[in-house]
Structures are given as C-alpha cells and as structure tokens.
Amino acid sequence: MISSIKPVSSSLTAIAGVRRSIPAKLQFSPLPIIGNFQKPNPLPQKPLLSAQNLSNFTLAVAAAQRSDGFRVGAYEADRSHPIEIGIDVPDEQSGQKVKIGIYFATWWALNVVFNIYNKKVLNAFPYPWLTSTLSLACGSLMMLVSWVTGVAEAPKTDLDFWKTLFPVALAHTIGHVAATVSMSKVAVSFTHIIKSSEPAFSVLVSSLFLGEAFPLPVYLSLLPIIGGCALAAVTELNFNMIGFMGAMISNLAFVFRNIFSKKGMKGKSVSGMNYYACLSMMSLLIVTPFAIAVEGPQMWAAGWQNAISQIGPNFVWWVVAQSVFYHLYNQVSYMSLDQISPLTFSVGNTMKRISVIVASIIIFQNPVKPVNALGAAIAILGTFIYSQAKQ
C-alpha cells in the first residue's frame with residue numbers, strides 16, 4: 001500500500017534501497033489517472049518513484065477526497081483499477097418540470113369540462129349567484145367527507161390561518177361570482193377572451209402593490225394582449241356590457257387572490273389541496289347571504305321548475321357535474337400554485353383558455369367573425385410573448 005512506504009532520504013544509498021524494496025507491479029506516474037485514460041510520461045528518463053512524486057500523488061488524492069460531489073476510489077497497488085473521479089448531477093429540476101406539466105394538463109382538461117356544463121346550466125337556469133354557491137358548497141362537502149373518512153388528512157389550522165385566508169376568500173368569491181355572471185350573459189368564448197388579459201392585471205397589481213419592476217419586453221408584450229382583447233370585444237356579435245364587466249372584475253379579483261394565496265401559503269404546513277378546501281368553505285360563508293339577498297329562494301324555485309320542465313332529469317346531472325368539476329379544477333390549480341409564482345400561474349391560466357375557447361365554439365356552435373377570431377389570436381399570441389419575456 002502507498003501508506004506503508006516510509007519517507008525517502010536524500011542519499012543515493014537510501015534511494016537505491018527503497019527502489020529495491022518496491023514490488024515490480026507498483027508503478028507510479030507523475031501525472032494523475034483520470035477516468036480510463038492515462039497521458040504518457042513525457043520524461044521517461046527520470047525515476048518512476050521519487051519523494052516529490054510521492055508527495056504530489058498523496059496531496060492530489062487527499063484534495064480529491066475533500067472535494068464535495070466527487071467519488072474517489074482507492075485501490076491496492078497490485079490492482080489495475082484506476083482512481084475514479086465522477087460528479088453526481090441531480091435531476092430534480094427536470095422532474096419538477098414534469099410534475100408541474102402534469103398539473104397544468106389536468107387543470108386545463110377539468111376546466112374545459114366545467115365550462116361546458118356551467119354554460120349549459122346557465123342557459124337553462126340563469127341564476128349565477130345560486131350556481132356559484134352550489135359550486136362552493138359541493139367542493140366543501142367533498143373535502144369534509146374526505147377528511148372524516150380519512151381519504152385526505154385534515155389540515156391543522158389556527159386562528160391566524162383563517163385571518164390570513166379571509167382576504168383570499170373574499171377575492172375568490174368576487175372573482176368566481178363575476179365570472180359566472182359574465183358567462184350567463186355572453187358566450188363562454190367571449191368571457192375567456194376577455195379573461196386572457198389577466199397577465200396585464202397581474203403586472204399592474206404586482207407593480208403597484210408589491211413594488212415589483214419588470215423588464216421593458218414584459219411591458220411591451222402586454223400591448224398585443226390588450227389590443228387583441230379590445231378588438232375581440234368591439235367585434236363581438238352578442239356583446240353585453242354586464243358580461244364584459246363581469247370578466248374584467250373577475251380578472252382583477254383573481255390576480256389578488258393568487259397573490260394573497262401565495263403569501264398565505266408561505267410558511268404554512270397546509271397543502272395546496274387543503275388550502276383550497278378551506279378557501280371554498282370560507283367563500284361559501286361569504287357568498288351565501290349575498291346570493292339569498294340578490295336572487296332569493298322564490299326565484300330559484302321558479303327557475304328550477306322551469307329548467308326541469310325544459311331539460312328533464314339531465315339538468316340535475318348538469319348541476320352536479322359543473323359543481324364537482326369546478327372544485328376539482330380549482331383544487332389542481334392550487335396544487336400547481338404550490339410550486340410556481342403568481343405570474344407563472346396567470347400565464348398558465350391564460351394558455352388554458354385556448355382549449356376552453358375552441359371547445360366552447362365547437363360544442364355551442366357560436367358564430368365567430370374573422371376579425372373577432374383575429375383579436376383572440378392576437379391576445380393569445382401576446383400571452384405567449386409575455387411568457388417568453390418573463391423567462
């Protein structure tokens with residue numbers, strides 16, 4: 001072994017004695033062996049072993065063993081294995097990207113199904129306040145059952161958690177009701193075209209309230225988003241001001257919800273799934289008295305009977321489906337928000353609208369003028385440019 005070699009004196013006799021005592025198999029090179037390759041000895045006339053070479057070799061091995069992330073294998077002198085030095089590079093970042101991609105794909109698919117059934121319900125039952133309330137009530141019931149049965153672990157919360165959650169729930173309630181009111185007045189495609197301007201609201205709110213500054217390309221990318229939405233709005237065949245304002249209010253409210261949610265989830269042990277469950281319960285408490293005051297049980301009873309007489313029992317299934325899928329798509333979106341920033345969330349939310357717009361036009365066969373489609377395309381392209389500028 002190398003460690004068994006004693007220090008060599010400077011006399012020629014001592015050197016000769018040491019050389020005779022070393023086995024023939026033990027050969028040293030003045031250059032280190034890296035991987036499976038060995039550079040040739042440029043000075044073969046010098047002795048294969050010297051005190052200086054031995055000292056350099058020992059120091060090189062010790063330094064390699066102290067380096068973080070390296071694997072150093074030491075072998076006996078009579079073995080032919082080289083010293084292996086490698087670097088382990090973790091692949092956690094790519095795995096995280098795949099996980100977020102799965103969240104986004106599931107989120108978008110569930111949202112398409114929700115929008116289809118939600119519009120069907122609103123066409124037959126034009127009471128957006130009750131529809132919004134039923135969506136929140138269904139999600140709250142689903143999570144309560146999951147906690148009681150042990151399917152999901154109940155969150156451990158305190159009074160401070162619910163205080164922090166209140167502004168998030170208030171913004172969520174306003175955004176949810178406003179979006180539902182919008183879709184009860186205009187086509188689903190038009191609502192989502194207007195809601196594709198959410199990045200503009202996100203940048204505005206982040207700049208004014210969070211003090212964030214963005215590069216010039218980010219601000220420039222907002223121009224096609226705003227311009228495309230404006231072009232789609234002025235050319236909409238079935239334009240309705242209530243529907244338009246509902247989509248705009250929903251944009252602003254959801255941006256605040258996302259920012260407050262990200263802040264509220266920091267330092268909390270509550271998962272994204274349970275966080276949204278608590279959010280749904282508090283939003284249900286907020287919206288219920290307003291729904292009763294604005295619409296009321298008498299209007300609901302009359303509208304329900306009318307919908308059943310026109311649609312039949314399938315109407316009940318539509319209501320259940322839109323309520324269940326509303327909770328599921330929002331739950332998945334909050335699981336995504338656990339991993340990303342509010343601005344990235346807004347971009348994903350906007351790109352999701354492409355599939356919703358296309359699916360709604362195909363299913364409901366809404367007439368679309370070419371200039372209206374051009375406006376939608378410009379807005380969506382602006383969203384893509386925005387996401388690239390953010391990167």
Under 4.5 Å side-chain linkage, directly or through intermediates, the cluster mates of L220 | L216, L223

Using links of under 4.5 Å between side-chain heavy atoms of ILVMFWY residues, direct or through other members, which residues join V148 in one cluster?
-> none

Mark yes or no for whether N251, through its side chain, and I194, through its backbone, hold a donor-acceptor pair below 3.5 Å.
-> yes

Please report the shortest heavy-atom distance between G382 and P224, naming the atom on each side.
-> CA-CG, 3.6 Å

Identify whether L130 and M299 are in the same connected component of the hydrophobic contact network (ILVMFWY, side-chain heavy atoms under 4.5 Å).
-> yes

Decide whether L141 and L136 are clustered together by the hydrophobic rule: side chain heavy atoms of Ile, Leu, Val, Met, Phe, Trp, Tyr closer than 4.5 Å, transitively.
-> no

Which residue pairs pass the side chain to side chain donor-acceptor pair (under 3.5 Å) test when at least one of the two sits in residues 288-297, sequence neighbours left out?
-> E295-W300

Applying side-chain contact (heavy atoms from CB on, under 4.5 Å) between S132 and each of T180, N118, V181, L284, report the one that passes.
-> T180

Give the minimum heavy-atom separation between F214 and Y219, together with the two atoms involved.
-> O-CE1, 3.0 Å

Consider only side-chain heavy atoms of I, L, V, M, F, W and Y, link residues closer than 4.5 Å, and tell whether I102 and V112 are in one cluster.
-> no

Could you walk me through whether S280 and S140 pass the side-chain hydrogen bond (donor to acceptor under 3.5 Å, both in side chains) test, one step at a time?
-> CA-CA 6 Å; S280 297; S140 301; 5.1 Å; no

Least distance between heavy atoms, V121 atom then V319 atom = CG2-N, 3.8 Å

Strictly under 6.0 Å, is that where the ring centroids of Y329 and Y326 end up?
-> yes

Describe, in one word, how the ring planes of F244 and F239 are oriented to each other, choosing from parallel (under 30°), tilted (30 to 60°) and perpendicular (over 60°).
-> tilted

Where do G175 and S250 come nearest, in terms of heavy atoms and distance?
-> O-OG, 3.1 Å

Kindly work out whether a path of hydrophobic side-chain contacts (I/L/V/M/F/W/Y, heavy atoms less than 4.5 Å apart) joins W318 to I308.
-> yes

At their closest point, which heavy atom of A154 faces which heavy atom of W147, and how far apart are they?
-> CA-CD1, 3.7 Å

Is it true that F201 and F254 have ring centroids separated by less than 6.0 Å?
-> no

Determine the minimum heavy-atom distance between V186 and K119, stating which atoms define it.
-> O-NZ, 2.9 Å

